[in-house]
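Order of the sequence lines fixes the chain letters, A, B, ..., with proteins taken first and strands second; residue numbering starts at 1 for each chain.
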Amino acid sequence: MDAKQQVVQALAQALPDVDAHDIETKIERPKDSQNGDFAFPTFFLAKTQHKAPQMIAADLIEAIDQNGFEKVVVAGPYVNFFLDKGQIAAEILQAILADPENYGNSDLGNAGNVPIDMSSPNIAKPMSMGHLRSTVIGNSLAKILTKVNYNPIKINHLGDWGTQFGKLMAAYKMWGSEEEVKADPINTLQKYYVRFHQEDKENPELDDDARAWFKKLEDGDEEATHLWKWFRSESLKLFMKIYDLLGIDFDSYNGEAFYNDKMDEVVQMLEDKGLLQESKGAEIVDLEKYNLNPALIKKTDGATLYITRDLAAAIYRKRTYDFVQSLYVVGNEQQNHFKQLKAVLKELGFDWADDIHHIPFGLITQGGRKLSTREGRVILLENVLNDAISLARKQIAEKNPDLKNAEEVAQQVGVGAVVFHDLKNERLNNFDFDLEEVVRFEGETGPYVQYAHARSQSILRKAGNPDLTTANLALGDPAAWEIIKSLGQFGEIIQRAAREYEPSVIAKYALQLAKEFNQYYAHTKILVEDDEKMARLALVEAVSDVLKSALELLGVQAPDEM
RNA sequence: GGAGCGGUAGCUCAGCUGGAUAGAGCAUUCGCCUUCUAAGCGAACGGUCGUGAGUUCGAACCUCACUCGCUUCACCA
């Protein structure tokens, strides 16, 4: 039985006049385990019982059936419950060892489809740290949602359309060469783009050129289309290298261009509903009643915009996946856009607009300034990952020179550090990029968790990987108790992460468990022959399984040796 | 000006539904490798929880006002 329910029952029996649900909501987990595993504050009973909380607690302890608990004690106005460690340990360890892969699973989602719009880098631009955030948060959410029985669909909504292609083509025709692009596609295209913006400040007529090229592309001009396809495929090749490194794949690469032929219908729908208005030569939907700015559907020149495309995409996803939720892992600075998107869908009469959730994340700055592709101020993801990997390589050479698959582990550790760093804090926090911070391997980092896992594996190897499922798992060792309790919380941690769309909840949990294990490891000799050896090994195995599982939920690998 | 997010230790951040002396990591100083990986463990140092009111038996957490920082507010995405 659930340990908390045991406490609720004991209290409910002793307090027949109080609603059991009220009791349950008041029960808390003391921060300091000196105060027990569960605590019941009696303040709220003082009024109805006309007694001091201390008195209530003192009386309560007499009425509580202490069977099944290690002890129940009074501490001022609190009643503190200490659980039967051996029994709880056996229950939790058994549950983990019986089915490590599925430990912590639950069914919040009833297998409902959840498309996740994530990553979405722009063609012809390098992937930056900003795209990393969207990519790793989206990936982690997909895994977390799977664990609570949703069916996520990872959609890479590539930025493969838009006026920037006009600029790019104009720039390429003016200064570019095929050989140069082939040699180093993204950086070269990027260079053209930056140069275009520089020269464009002096010669605004360049913009007309760019617009003309984009118009050609939209009209299906042969040369423009050819260039577009070429830029796209070269870019995608490089993106795939990074996704491989991160161990991330997608269920769909339908980007912006995919919706080109699906926007007329949206405009038609808006028109049929009488929602379109003309304003300053453009077509808009007024959103006054939502306290939002009007949504620009068509520009003065008739070209469509971002929101039109996203409307088409949202409708397409509803039709294709019949989603129960539709997520967009996109920077916080676009929240206005998503409010508009939902508002327009509402205006169109789609109730499912309420199932669309923008999952925003904080801005990455450098030296306090916003990153800007246009101004060439970017942090290239590829460089960061490579730096991290070579640092890991160096560490391994120093600390574990005999490691067989050193290169593979260097990748797992280096990439793990970067990914974990990105996920360990609340999504919405902004952060200023600091390479040293990102590739750190000590303290609250990914490698710290990986290291704890590797140590646990090392012990199990030394012990000869015995079968522990039949062992007596009633581990009564107080030193192990904090770990046991943490292991028992995995399921609710996952649920909270899913509810809040917040991978950092998992990261924090992994750090806590790793820390508790490292403490245990430092103070308790595990491989000694005594009655509890098998139970200790079971604990080690359970920690190993859960750490691995938690890292997996973050998209971080857990090497057995490092 | 409207909307949103944030202000907790020198730095980066936790703090779940309000509860028992406000917690980590980094940095600094000092201990611990003849026994399971020192990417580790332990100790010290470090805080008027932005400010002021209010609600409450009790507020970092809830309410209001103020203040500072960042984002955003129609022809980029």
- Quick one: ring pair (Phe, Tyr, Trp, His ring centres under 6.0 Å) partners of Tyr328(A), sequence neighbours excluded? Phe338(A)
- Item | Side-chain-base donor-acceptor pair under 3.5 Å for Thr300(A) and C75(B) | yes
- Dot-bracket for RNA chain B, 5' to 3', Watson-Crick and G-U pairs with both distances under 3.5 Å, [ ] for crossing pairs, | for partner on another strand, reads (((((((..((((.....[...)))).(((((.......))))).....(((((..]....))))))))))))....
- Among residues 419-426 of chain A, which contact RNA chain B at a heavy-atom distance under 4.0 Å? Asn425(A), Glu426(A)
- Task: Answer yes or no: does a side-chain N or O of Lys462(A) lie under 4.0 Å from OP1 or OP2 of U37(B)?
- Result: yes
- Query: Quick one: do Lys215(A) and Glu218(A) make a salt bridge, cutoff under 4.0 Å?
  - Reply: no
- Query: Under the criterion side chain to side chain contact (heavy atoms under 4.5 Å, CB included), which of Ser119(A), Ser235(A), Pro121(A) is the partner of Leu158(A)?
  - Reply: Pro121(A)
- Using only side-chain N and O atoms of Lys515(A), determine if any of them is under 4.0 Å from OP1 or OP2 of G25(B). yes
- So does Lys31(A) get a side-chain nitrogen or oxygen closer than 4.0 Å to the phosphate oxygens (OP1/OP2) of A20(B)? yes
- Regarding C41(B), purine or pyrimidine glycosidic angle vs 90° from 0 gives anti
- Task: Please lay out, stage by stage, how Phe490(A) and Tyr509(A) fare under the test ring pair (Phe, Tyr, Trp, His ring centres under 6.0 Å).
- Result: CA-CA 8 Å; Phe490(A) 192 42; Tyr509(A) 172 81; 5.3 Å; yes
- Query: Do Asn336(A) and A74(B) have a side chain to base donor-acceptor pair shorter than 3.5 Å?
  - Reply: no
- Message: For the C1' atoms, the ones on U55(B) and on C11(B), what distance do you get once it is rounded to whole angstrom?
- Response: 36 Å
- Task: Decide yes or no, distance alone: a donor-acceptor N/O pair under 3.5 angstrom between the base of A74(B) and the side-chain of Ser279(A).
- Result: yes
- Query: U8(B) and G47(B): how far apart are their P atoms, nearest whole angstrom?
  - Reply: 14 Å
- Task: Return yes when atom NZ of Lys424(A) has more than 12 non-hydrogen atoms of other residues, nucleotides or ligands closer than 6.0 Å, and no otherwise.
- Result: yes
